[in-house]
K.L.:
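Have a look at this one before I ask anything.
In each ligand, atom 1 is the first atom listed, and ligand 1 is the first ligand listed.
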Amino acid sequence: MSDIFEKAELVLAEINAQSPANAAELEAFRIQYLGTKGLIKGLMEEMRNVPNERKRDYGQLMNRLKQDAETKHDALKEVFEAQAQNAAGSALDLSAPGEPVPLGSRHPVAVTMNRIVEIFTRMGFSVADGPEIEDDWHNFTAMNTPEDHPARDMQDTFYVVDAPGMLLRTHTSPVQARVMENRQPPIRIIAPGRVYRNETISTRSHAQFHQVEGLYIDEGVSFADLKQTLLYFAQEMFGATKIRLRPSFFPFTEPSAEMDIWLGTDTEKNYRLTKGTGWLEILGCGMVDPQVLENCGIDSKKYSGFAFGMGIERQALRLYEIGDIRLLFENDVRFLRQFAAAM
Ligand code: PHE
């Protein structure tokens, strides 16, 4: 009976001595030892001839045979497969044309922002930016909206819990404050950027949007300069022929106004858009309040200036005749692709 043990030990030694050199040899190895008609299967069948008291030992020996053969087989299989893949890789035709890379397009809000920026830079404004997480001073207090001022209700925002006094800016006006603190007039800047408000006026409203604000300060800047600058903008941006300035209120400007552009009522669309008046509101503006100049270290007796601010999403809706503002946030590529040609 020790014959069969000897035979099995021999096969085990054979398995461990083998080293198939390629996939074909490995397959031969598999068939020889692990196949359904292989050596190991044959040896297993001998089990019934092994006396009972030695069956356990024989079983353990069989397990070792099987394990050794399988481990060797699986490890080599991985090696040969990796080699085959590398070989395929080196057969790559490097002169073949590349995979096409789909080009993205600018977001309509970015396109609109660039267009606004471009118009104002043509008039000598330069772009300024600042942090989106602002301090209370730059966002509110410097802008003539101290802590208990009712106008704060118009611009509720999100506060940073771990940093008292820090908040998400509600407009890009704090950029103006930062520029004025650091420079003396003449100042001619526009501040495009993302702003935040904590408001749920309607299901369409969104906690963030984009603005462009402008600031012009020098000696002798008047309301006439404001009006002419904004008229030029309305002409360039919308092809508008007329603007209208309606009295309004902002804490940081005095006097303040809302600017409307003339669309007329001759088409049904314009009639609807302007609620039958022909006028469409575009932006807020005014002469910088002398208190704001003083807050930021500018001599209000020597200098004066104007400021304006507008929401970009609204202008984008206008420009591209987009019916629902939510399309601008959902970022469905089927929508965005339509702007591929816009710059
Ligand atoms: N900061 C104002 C707002 O966000 C816009 C504005 C800017 C109005 C400058 C007047 C002058 O509503």
Side-chain angles (χ1 to χ4, degrees), residues 109 113 116-117 120 123 125 127-132 134-146 149-158 167-180 187-199 201 205-217 221-223 225-231 233-234 237 243-261 281-293 295-296 298 300 303-315 325:
V109 169
M113 182 147 89
I116 297 169
V117 167
F120 282 104
M123 288 187 272
F125 286 76
V127 173
D129 64 12
E132 288 176 25
E134 254 303 355
D135 53 50
D136 189 280
W137 166 259
H138 289 100
N139 194 80
F140 288 126
T141 310
M143 286 292 127
N144 216 14
T145 319
H149 196 290
R152 282 214 179 187
D153 288 348
M154 288 159 61
Q155 298 193 359
D156 190 20
T157 185
F158 300 95
L167 46 87
L168 297 185
R169 67 181 183 189
T170 58
H171 46 186
T172 59
S173 304
V175 178
Q176 305 182 9
R178 285 175 179 278
V179 170
M180 288 190 276
I187 290 172
R188 222 182 310 178
I189 53 134
I190 42 168
R194 193 178 295 144
V195 300
Y196 304 84
R197 303 231 179 139
N198 182 11
E199 52 190 27
I201 296 166
S205 67
H206 195 269
Q208 77 178 46
F209 59 101
H210 296 78
Q211 268 194 340
V212 175
E213 294 206 358
L215 175 71
Y216 184 13
I217 301 172
V221 175
S222 73
F223 203 86
D225 298 312
L226 161 73
K227 195 173 170 188
Q228 189 57 37
T229 304
L230 294 181
L231 173 62
F233 167 69
M237 185 77 184
I243 61 169
R244 174 173 85 170
L245 292 163
R246 274 179 296 114
S248 183
F249 172 80
F250 298 103
F252 28 84
T253 47
E254 181 62 36
S256 305
E258 306 276 357
M259 182 190 89
D260 302 335
I261 59 171
E281 185 186 317
I282 295 291
L283 54 78
C285 58
M287 301 306 290
V288 179
D289 193 304
Q291 185 61 51
V292 172
L293 296 178
N295 288 346
C296 299
I298 288 174
S300 65
Y303 296 109
S304 59
F306 66 78
F308 54 87
M310 68 192 107
I312 299 177
E313 277 78 1
R314 236 218 254 183
Q315 321 296 330
I325 196 168

K.L.:
Heavy-atom distance under 4.5 Å between the side chains of L226 and C285, does that happen here?
P.N.:
yes
K.L.:
Any side-chain heavy atom of D260 within less than 4.5 Å of one from I243?
P.N.:
no
K.L.:
As a quick check of understanding, evaluate side-chain contact (heavy atoms from CB on, under 4.5 Å) for Q211 and M310, giving each step before the final call.
P.N.:
CA-CA 5 Å; Q211 268 194 340; M310 68 192 107; over 6 Å; no
K.L.:
For the residue pair F125 and Y216, does the interplanar ring angle fall in the parallel (under 30°), tilted (30 to 60°) or perpendicular (over 60°) class?
P.N.:
perpendicular
K.L.:
I'd like the residue list for ligand 1, meaning every protein residue with a non-hydrogen atom under 4.0 Å from the ligand.
P.N.:
Q155, H171, S173, R197, Q211, E213, F250, F252, T253, G284, C285, A307, F308, G309
K.L.:
How about E281 and R314: do any of their side-chain heavy atoms sit closer than 4.5 Å?
P.N.:
yes
K.L.:
Output all residues satisfying side chain to side chain donor-acceptor pair (under 3.5 Å) with D289, sequence neighbours left out; order by chain, then residue number.
P.N.:
N144
